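One structure is given below, encoded as structure tokens.
Quantities reported herein were computed from a predicted structural model and do not represent experimental measurements. Reminder, nothing fancy here: chain letters follow the sequence lines and each chain counts from 1.
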Number of protein chains: 2
Amino acid sequence: MYRIGELSALYDIKADTLRFYEKHGLLSPSSRSDSGYRLYNQDDSERLKFILRAKAVGFSLNDIADLLSIEVDKSNRACAEVKGLVDSKLEQVEAKLAELQHFAASLKSLSNTCCGGPDSAEHCSILEALESSDQHIIAKKEQHHFSHSGHKD
Amino acid sequence: MYRIGELSALYDIKADTLRFYEKHGLLSPSSRSDSGYRLYNQDDSERLKFILRAKAVGFSLNDIADLLSIEVDKSNRACAEVKGLVDSKLEQVEAKLAELQHFAASLKSLSNTCCGGPDSAEHCSILEALESSDQHIIAKKEQHHFSHSGHKD
DNA sequence: CTTGACCTTAGATTAAACTCTAAGGTTTAT
DNA sequence: ATAAACCTTAGAGTTTAATCTAAGGTCAAG
């Protein structure tokens, strides 16, 4: 069991952030102490890890709420529904993955091309390395309306 | 050659956004018409694609400016310097990549486990699918100070 | 028994990344 | 010739995701 300060320290975020996530339905402590202190268990910690990871790879809190809603609602939703949601997110993830692999490849080739020495880097260019790329996954994002205020106040 | 409206339409962004990127040193049109209209060529378009991709995978404009600076400065920098910058970005990209692969695997296993039928999705959970994960790449980000106002006014 | 960690509500502030408005002007397409 | 697209500067407004402050309290460890 972690208290808010402990959990926030663990992930190097602010206690405020945890309260913010709670307010917005992303993460609630599984229990409270007699005195009302938030108590987070290992599952809560995992959930937080999930949130932070998803954030780190470019998902908005909205997107993350979508993903987590699968967890919350799982017994109230038909498998078909869940599968749909998951598959649509999977598409997004795979698009990002493709982008990143492209990136990584370019950076690697750049790093390898680069002599690493003290000479001018005239022939080093990410854009050169990236030059032949066709996919453009950069489209309109679905906007879900995170409802910054009307959540459950 | 694209005019601002054309290029922005091409990537489904606002003309304002292109002016914004220009003001912040991310993308300047390679030329102007006699009448002062911005004219973007194919290279500019590629650069924009790069920016939007990088954004889509969770890099900040700051991070992107770093990456692009390699391009801009390449003849003024020693190869060693460039290599350092590239390698550090590569680390970030690979960390993100690892996260995403984890994600994708979880979503896939979730999608597969899911019967996809009309029954309750009791046993579908992203968090369950993700449950055994150790890495925590979620650390303090380097903050570069994009200097929202003091760029070259 | 006091300091530091926590609680609450409520609102202010910050930062990034846009997005829009205004005001006044030029250019290009029909 | 007129409307739509562009130009400028300059600043206001928006959204997301925090972060901070205040005010007034409770709780726990040394």
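Note on A:Lys96 versus B:Glu99: no salt bridge recorded, every NZ/NE/NH1/NH2 to OD/OE distance being 4.0 Å or above.
For the pair A:Leu61 CG and D:dT15 C1', the interatomic distance rounds to 12 Å; values are reported in whole Å. Remark: P of D:dT16 and NZ of B:Lys55 are 13 Å apart, rounded to the nearest angstrom. The separation between B:Met1 atom CE and D:dC6 atom P is 16 Å, rounded to whole Å. Nucleotide C:dA16 holds its P atom 10 Å from the NE2 atom of B:His24, rounded to whole Å. Look at CZ on A:Phe20: it is 14 Å from P on D:dC20, rounded to the nearest Å. Rounded to whole angstrom, the span from the NZ atom of B:Lys23 across to the P atom of D:dC7 amounts to 14 Å. As a whole-Å value, the separation of A:Asn62 CG from D:dA18 P is 12 Å. Here D:dA18 presents its P atom at 15 Å from CD of A:Glu22, a figure rounded to the nearest Å.
B:Tyr11 and B:Ser45 share a side-chain donor-acceptor pair at under 3.5 Å. For the 3.5 Å distance criterion, the side chains of A:Asp63 and A:Ser60 qualify, holding a donor opposite an acceptor.
Residues A:Leu48 and A:Leu10 fail the side-chain proximity criterion, which asks for heavy atoms closer than 4.5 Å. Counting heavy atoms from C-beta on, the side chains of A:Leu39 and A:Pro29 never come closer than 4.5 Å.
For A:Ser35, no side-chain nitrogen or oxygen approaches OP1 or OP2 of C:dC7 to under 4.0 Å. Applying the 4.0 Å criterion to OP1 and OP2 of D:dC27, one finds that A:Arg38 has every side-chain N and O outside that range. The side chain of B:Tyr21 places an N or O atom within less than 4.0 Å of a non-bridging phosphate oxygen (OP1 or OP2) of C:dC18. Dashed line: the shortest gap from a side-chain N or O of A:Arg19 to OP1 or OP2 of C:dC7 is under 4.0 Å.
Residue contacts shown for B:Ser60 are limited to sugar-phosphate atoms, with no base heavy atom under 4.0 Å away. Using a 4.0 Å heavy-atom cutoff across all strands shown, B:Ile13 reaches no nucleic acid atom at all.
Annotation: of the two residues near DNA chain C, B:Thr17 and B:Arg3, the 5′-most nearest-nucleotide partner is B:Thr17. Comparing B:Glu6 and A:Gly36 along DNA chain D, the residue whose closest nucleotide (by nearest heavy atom) sits nearer the 5' end is B:Glu6.
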Does the salt bridge (Lys or Arg N to Asp or Glu O under 4.0 Å) test come out yes or no for A:Asp44 and A:Arg47, once each step is laid out?
CA-CA 5 Å; A:Asp44 298 334; A:Arg47 194 181 166 98; over 6 Å; no
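A donor-acceptor pair is defined here as one N or O able to donate and one able to accept, closer than 3.5 Å; such a pair exists between the side chain of A:Glu6 and the backbone of A:Arg3.
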Measure all distances between protein nitrogen or oxygen atoms and nitrogen or oxygen atoms of nucleotides 20-24 of chain C, and list the pairs falling under 3.5 Å.
none

